Amino acid sequence: MMSNMFDLSGRTAWVTGGSVGIGRGYAVALAKAGANVAIVDIDERTGQKTAAELREMGRESFFVRCDVTKEDEVEAMRDRIVKEWGRLDIAVNNAGIGILGPDEEYPLRDWRKVIDVNLTGMWLCCRAACRQFIVQNGSDARPRGGKIVNTASMSARIANCNASYNASKGGVVEMTRMLAAEWGRYNVNVNCISPSYILSPMHASTPVEVRARIRELTPLGYMERPDDLHGPVVFLASDASNYVTGVDLLVDGGHTLNAWLTPLSRDVPPRVSPEEEVVSLKHDMEALEVPFDEDGINFDYHPEIANAYKAAFGIGPERT
């Protein structure tokens, strides 16, 4: 009986930013649990590949191109999914960006872009999903409502990036709490997941020295992978979390525990080796047709990230 609480068979879901990285991980997890999953993204080529992967798993899946900052595109995305499957049960809102730069020199256009995608776009997707859940409540004998799962970040709790990114993710957490309070009356659960530094293509330019430092500062001893979010997203999308709402689920391997005074040490090897860390990353880089070395690194893919880390850690000269 307990295992059935996590069964998503017959449920329909969307995942925004679902082509690679965290979003692809969410989509794979939901499909493994039995859901049919629409892949929503602006990158059609990789989105179509991910949808094909899910179909090979025996699930229904298709790609929908959508810029989440455009209200009309978000509404059209929802309508397309509902037309295809007749209903929506799970909305996983994951599309997000980060633009590095010191705040004293940060351009207003970059601030607006980050907030527009990470916060406003997520709110538009939440609203579109809730409107559909309300419509469905009118036809359900016992209104099921729906599940909304947003991607926030541990950056909502620690100062580790810059003001635009951290403010947007802090906003996601508080928006999630407010919407949970408002929409509980519709049987809608709204929660968010806050990952740590995760080996998605965004971190394909992170030097091995920095990855080693992250491991040293993480009690569980390895860098997070999209796979480490499979359980959390299925939990929040399934009946197992029916009495959970307004929660920011921190999934960071203990990184934000900040053991500053006593160096962390290990008595046994971590559950995941450095080689296993990069399996999903390499899959995504291949899907993006971006070359990489044996560690899954390409410094030219996100040179701004490579340069920032190299400067901070004193790893050779910055690339131009």
Side-chain angles (χ1 to χ4, degrees), residues 13-27 30 37-43 47 64-79 81 88-99 110-134 145-157 161-184 186 188-195 198 200 202 226 229 232-233 236-237 245-251:
W14 79 47
V15 178
T16 69
S19 293
V20 296
I22 293 174
R24 175 185 169 273
Y26 285 154
L30 297 175
V37 185
I39 303 300
V40 181
D41 211 307
I42 57 173
D43 185 341
V64 184
R65 191 193 184 283
C66 176
D67 179 344
V68 298
T69 69
K70 304 290 177 57
E71 181 178 14
D72 58 340
E73 291 192 22
V74 171
E75 297 287 314
M77 174 269 290
R78 178 206 55 209
D79 293 346
I81 293 168
L88 175 73
D89 299 296
I90 303 157
V92 179
N93 303 316
N94 167 71
I97 61 169
I99 303 176
D110 289 347
W111 169 275
R112 285 175 170 160
K113 185 173 183 180
V114 171
I115 297 297
D116 206 23
V117 175
N118 293 3
L119 188 55
T120 306
M122 193 164 291
W123 174 76
L124 287 171
C125 290
C126 287
R127 189 185 65 174
C130 184
R131 287 174 170 175
Q132 179 59 30
F133 297 149
I134 292 170
K147 298 294 181 78
I148 295 175
V149 183
N150 299 323
T151 299
S153 171
M154 69 174 183
S155 298
R157 305 175 186 224
C161 189
N162 61 16
S164 65
Y165 188 79
N166 289 41
S168 71
K169 293 302 185 177
V172 168
V173 172
E174 288 306 308
M175 178 188 71
T176 295
R177 287 164 49 82
M178 186 66 236
L179 297 182
E182 285 191 88
W183 295 346
Y186 301 123
V188 175
N189 300 64
V190 190
N191 295 289
C192 60
I193 295 174
S194 283
I198 193 159
S200 68
M202 185 177 290
L229 299 175
V233 74
L236 292 177
T245 198
V247 166
D248 174 28
L249 181 55
L250 182 62
V251 187

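Quick caveat: nothing in here was measured; it's all calculated off a predicted structure.
Looking only at side-chain heavy atoms (C-beta outward), V149 and C192 stay at 4.5 Å or farther from each other. Side-chain contact check for T151 versus Y26: some heavy-atom pair is nearer than 4.5 Å. Looking at I148 and N189, their side chains never come closer than 4.5 Å, going by heavy atoms from C-beta outward. Within the 4.5 Å cutoff, the side chain of M154 has no heavy atoms near those of the K169 side chain. You'll find the side chain of C126 reaches within 4.5 Å of the side chain of N150, heavy atoms only. Residues L236 and I193 have side chains in contact (heavy-atom distance under 4.5 Å, counting atoms from C-beta outward). Contact annotation: the side chain of V92 approaches that of L30 to within less than 4.5 Å [non-hydrogen atoms, C-beta and beyond].
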_Worked verdict on T69 versus T120 for side chain to side chain contact (heavy atoms under 4.5 Å, CB included)_ = CA-CA 7 Å; T69 69; T120 306; over 6 Å; no

*Given side chain to side chain contact (heavy atoms under 4.5 Å, CB included), test R65 with M77 step by step and report yes or no.*
CA-CA 8 Å; R65 191 193 184 283; M77 174 269 290; over 6 Å; no

*Can you check side-chain hydrogen bond (donor to acceptor under 3.5 Å, both in side chains) on W14 and N93, steps first, answer last?*
CA-CA 8 Å; W14 79 47; N93 303 316; 2.9 Å; yes

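Checking side-chain atoms of S200 against main-chain N and O of G21 turns up no donor-acceptor pair under 3.5 Å. Under the 3.5 Å distance criterion, the side-chain polar atoms of T16 are matched with a main-chain donor or acceptor of N94. Side-chain N or O atoms of N118 include one that pairs as donor or acceptor with a backbone N or O of I97 at under 3.5 Å. With hydrogens and angles disregarded, no donor-acceptor distance shorter than 3.5 Å links the side chain of R24 to the backbone of G18. Judged by distance alone, with hydrogens and angles left aside, the side-chain atoms of D110 form no donor-acceptor pair with the main-chain N or O of I99 at under 3.5 Å. The closest donor-acceptor contact from the side chain of D41 to the backbone of S19 lies under 3.5 Å.
Smallest separation of non-hydrogen atoms from I42 and C66: CG2-O, 3.3 Å. What you find for L124 and V68 is that their closest heavy atoms are CD1-O, 3.4 Å.
Salt bridge D248/R157: present, at least one basic N to carboxylate O contact under 4.0 Å.
A distance of 12.5 Å separates CG in D116 from CH2 in W111, rounded to the nearest 0.5 Å. To the nearest 0.5 Å, atom OG1 of residue T245 and atom CG of residue N191 are 5.0 Å apart.
The salt bridge (Lys or Arg N to Asp or Glu O under 4.0 Å) test applied to K70 returns D67, not counting sequence neighbours.
Within 6.0 Å of CZ on R127 lie more than 12 heavy atoms contributed by other residues, nucleotides or ligands.
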